[in-house]
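Beneath this line is the structure, given in structure tokens, with notes to follow.
Quantities reported herein were computed from a predicted structural model and do not represent experimental measurements.
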Amino acid sequence: SKGILMTELATLFDQKTCPLLFPQIKVIRFKKNDTVIQQGEISPNLWYIHKGSFSTTTQVPYQKKPLTLATLKPSDIFGEISFIDGSQSTATVTAIEHSECWTLRRELLPALYELYPTLALKLNAHIATIIAKRIRETLVKLKKTSTKTTTFLTKKITTTKRKRLTNTWSKHTSIFL
């Protein structure tokens, strides 16, 4: 169940369960509207939300406003893609309220695999599940956004063509007047 998995993930940040990793865990506090991760930047941390909530957004081509992907709350994680592969962040994460996260740096992964292999496997399985779920949810949102963008562009093209046709017709009919 999700609750059991979250409890197991929280053990990453527990001094009794993981005494060798515990000193490496950092607690970071955020104020409302603080940006934690900026889309396109590399963020080598896995972020575990202890308190508060965060908004994840991404910029979509032809859209003025970013697309809101999710609202994250305590026990959720973020930064999982960069944490796993070291690549650029796919979304911007912003604090909705005063919040607190615990972080695990990417370079600690080899130690996690060596010292706590069962926990590392559970963490990987959980991250894979989260990534799959978020991809599915994002595709649904992008499909809706794409439909709106297509409708907008079609109206704009139709209006532009109509104006050109009207202007051309006006020029040609003025010859006969």
For [X] and [Y], work out which heavy atoms get closest and say how close.
| X | Y | result |
| --- | --- | --- |
| Tyr113 | Asn124 | OH-ND2, 2.9 Å |
| Gly52 | Pro74 | O-CD, 3.0 Å |
| Gly86 | Arg106 | N-NE, 3.2 Å |
| Ser53 | Ser99 | N-OG, 3.2 Å |
| Leu69 | Lys141 | O-NZ, 2.6 Å |
| Leu72 | Asp76 | CA-OD2, 3.4 Å |

Requested in this report: Could you tell me whether Glu107 atom CD has more than 12 heavy atoms of other residues or ligands within 6.0 Å of it?
Outcome: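 Yes, CD of Glu107 has more than 12 neighbouring heavy atoms, counting only those of other groups under 6.0 Å.
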
Report task. For the pair Glu137 and Lys133, find out whether any cationic side-chain nitrogen is under 4.0 Å from an anionic carboxylate oxygen. Result -> yes

Query raised in the report: Does a side-chain N-to-carboxylate-O contact under 4.0 Å join Glu97 and Lys31?
Result: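 No, this pair does not count.
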
Report task. Compute whether any side-chain donor of one residue and acceptor of the other, for Ser43 and Asn45, lie under 3.5 angstrom apart. Result ->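 Their side chains do not contain a donor-acceptor pair, so the 3.5 Å distance test is not met.
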
Can a donor-acceptor pair be found, under 3.5 Å and without considering hydrogens, that links the side chain of [X] to the backbone of [Y]?
| X | Y | value |
| --- | --- | --- |
| Ser82 | Ile42 | no |
| Gln39 | Ala91 | no |
| Thr103 | Leu46 | no |
| Lys26 | Trp102 | no |

Give the cluster check for [X] versus [Y]: same hydrophobic cluster or not, with ILVMFWY residues linked at side-chain heavy-atom distances below 4.5 Å.
| X | Y | result |
| --- | --- | --- |
| Phe30 | Ile96 | no |
| Ile37 | Ile28 | yes |
| Leu121 | Leu115 | no |
| Val27 | Leu108 | yes |

Query raised in the report: How are the rings of Phe78 and Phe54 set relative to one another: parallel (under 30°), tilted (30 to 60°) or perpendicular (over 60°)?
Result: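 The rings of Phe78 and Phe54 sit tilted, inter-plane angle from 30° to 60°.
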
Rounded to the nearest 0.5 Å, what separates atom [atom1] in [X] from atom [atom2] in [Y]?
| X | Y | atom1 | atom2 | result |
| --- | --- | --- | --- | --- |
| Thr90 | Ile81 | OG1 | CD1 | 4.0 Å |
| Glu114 | Leu109 | CD | CG | 13.0 Å |
| Ile131 | Ile84 | CD1 | CD1 | 6.0 Å |
| Ile25 | Cys101 | CD1 | SG | 12.5 Å |
| Glu80 | Ser89 | CD | OG | 9.5 Å |

Is the shortest heavy-atom distance from the side chain of [X] to the side chain of [Y] under 4.5 Å?
| X | Y | value |
| --- | --- | --- |
| Ile77 | Ile49 | no |
| Leu123 | Leu112 | yes |
| Val93 | Thr35 | no |
| Val36 | Trp47 | yes |
| Pro66 | Gln59 | yes |

Query - By salt bridge (Lys or Arg N to Asp or Glu O under 4.0 Å) - contacts of Glu41 (at least two apart) - result: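 Testing Glu41 for salt bridge (Lys or Arg N to Asp or Glu O under 4.0 Å), a comparison that skips the adjacent residues, returns none.
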
